[in-house]
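Structure, as structure tokens:
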Amino acid sequence: MSSKKKALLAVVAVGVIAVAGAFAYATAPSQTRAIPEAAAPAGLNDPALIEAGRYVAVASDCIACHTAPSGKQFAGGRAIASPIGNMYSTNITPDKTTGIGAYSLNEFDRAVRHGIRQDGTSLYPAMPYPSYAKMSDQDVRALYAYFMHGVEPVKADNHANDITWPLSIRWPMAIWRKTFAPADMAPLNLTKYQSEQLARGAYLVQGAGHCGSCHTPRAATMQEQGLDESSKAYLAGGPLIDGWLAANLRGDKVDGLGSWSEQDIVDTLKTGRNKTTAVVGGPMNDVVAHSMQHMSDTDLHAIAAYLKSLPASGTAKATFTASDDTAKALRAGHDDTRGAQLYLDNCAACHRTDGKSNAITFPALPGNPTVLADDPASLIRLVLAGSRLPSTKERPSDLAMPGFAWRLSDDETAQLVTFVRQSWGNHAPAATASEVAKVRKELQKDGGLSADKGDTH
């Protein structure tokens, strides 16, 4: 046998051994700690426990992912986009054949906090079990009681995922789970925080609220680059989700929450808007509509206090220094750039020449974190497709911004976005026509360029 053939066989043999070893590691059962009965001695059908579980489900925003548009609550079927294809949420009603009605408490716990289905298969991390691992035994038990005794069973078969082979092979997912969400992960230690309010805020943000799942950057292997404040990457801004950039929630004054008050954060979580800079668009509409607006003011203030405790990430490229030069120029008729002309024609009626708008209704543009984000994708999407505020108990009007894709070319959109990003003291990188074309293509693929209705079921 030639030396080349021997070398090839050696490489093949090593590959086979490596795959066999990985398969053995992946399929080895994971042992998880059982929830002790002392965690909540009351019966699972106790009304107080069921109500506590309902609140945990609200704080965890279970309904947003596990309810399809116009579908029955918690019956699954909602598409969740991922880099490898669409995944579909599962039926988590207590139906015994298509839902989770046959799950025991500890089987439920293994799925929620450890990403392991009843049959031992690993869940994709679209289910944020690395965050839910921080939830307490008491909350998981209450959540189980709610889903078993407080939710209507719905017989609805689960939708197959749209992931092509070989990425659809499931057993490698166990390697990811064991590496980045090991079975011995413990509930959050609350004693390390300086006050009960900070501890409660950390618990809600890191655990039930799973804010890091969207708002923390991910590595090439798709794990979050940080799971708590010990990492500067934690909540420093995440990837595009349904075309919207997950914002930086740390103390950066330009593209984060550094210029926001605690009340600004509470107002945004509760109503989808605040008095100074923010309106909510895209995926966050669901969080406000189904989760945050139904939480107690005490918990919302705890979340805000924890977020305000996070230092700046220091990664922003943009700067902001308030200036009225743009407003003066526009009022004087100095609109000699195409970007300025487009702003006056399409935006000034609502956002005014000073860009400050009536901020409680329309967002102010000077110093706006979305405007100053390094990636202009959210602002481009907003100009092309528009957006709609969620309707909440305190702010029932679902005010909308129209989309301008029908009348603006890629180049015009880029000039308009660049004008907004470089006016009134904003100093952010210019947007390009190629960036606009990319967003436009994604919008067309997703089914249209009309105003985002903020799907809230």
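For clarity, every value in this text was computed on a predicted model and none was experimentally measured. FYI, the numbering just counts along the sequence from 1.
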Query raised in the report: Is any NZ, NE, NH1 or NH2 atom of the basic residue among D267 and R395 found under 4.0 Å from an Asp or Glu carboxylate oxygen of the other?
Result: no
Output yes when a side-chain donor or acceptor of Y306 lies under 3.5 Å from a complementary backbone atom of Q197, and no otherwise. no
Backbone N or O of A430 within a donor-acceptor pair of the T418 side chain at under 3.5 Å?
-> no
- Would you say the side-chain atoms of R440 pair up with the backbone N or O of R381, donor to acceptor, closer than 3.5 Å? no
Can a donor-acceptor pair be found, under 3.5 Å and without considering hydrogens, that links the side chain of R421 to the backbone of A373?
yes
R200 bridged to D299 by N-O distance under 4.0 Å: yes
Should the pair E224-R218 be classified as a salt bridge under the 4.0 Å nitrogen-to-oxygen rule? yes
#### Entry: Under 3.5 Å: donor-acceptor pair, side chain of Q341, backbone of D335
yes
Residue pair Y132, H210: steps toward the ring-ring contact (aromatic ring centres under 6.0 Å, His included) verdict: CA-CA 7 Å; Y132 289 160; H210 60 280; 5.2 Å; yes
Under 4.5 Å between any side-chain heavy atoms of V417 and V383, yes or no?
yes
Find out whether R250 and L257 are in side-chain contact, i.e. whether some heavy atom of one side chain is under 4.5 Å from a heavy atom of the other. no
| said: In this structure, is the centre-to-centre distance between the rings of F108 and Y144 below 6.0 Å? | reply: yes
- So, are K270 and D297 salt-bridged, with charged N and O less than 4.0 Å apart? yes
**Prompt:** Got N248 and H215 here, is their nearest side-chain heavy-atom distance under 4.5 Å?
**Reply:** no
Any side-chain to backbone donor/acceptor pair from D228 onto S230? Under 3.5 Å, distance only.
yes
| Any donor-acceptor pair under 3.5 Å from S391 side chain to P396 backbone | yes
Under 4.0 Å between a side-chain nitrogen and a carboxylate oxygen: does that hold for R117 and D119?
yes
Any donor-acceptor pair under 3.5 Å linking the side chain of N91 with the backbone of V154? yes
Report yes or no: does E412 contribute a side-chain atom to a donor-acceptor pair with the main-chain N or O of S409 at less than 3.5 Å? yes
Checking T97, T98, D95 against K155 for side-chain hydrogen bond (donor to acceptor under 3.5 Å, both in side chains), the one that qualifies is T97
Quick test of your reading of the model: are K438 and E435 salt-bridged, counting only N-O distances below 4.0 Å? no
E152 atom CD, neighbour heavy-atom count above 12 within 6.0 Å
no
Review point. Would the F147 and F74 ring centres measure less than 6.0 Å apart?
Key: yes
### Task
Mark yes when over 12 heavy atoms from residues, nucleotides or ligands other than K317 sit less than 6.0 Å from its NZ; otherwise mark no.
no
Next item on the list: Indicate yes or no for a side-chain donor-acceptor contact from H301 to the backbone of G201 under 3.5 Å, with no hydrogens or angles considered.
Entry: no
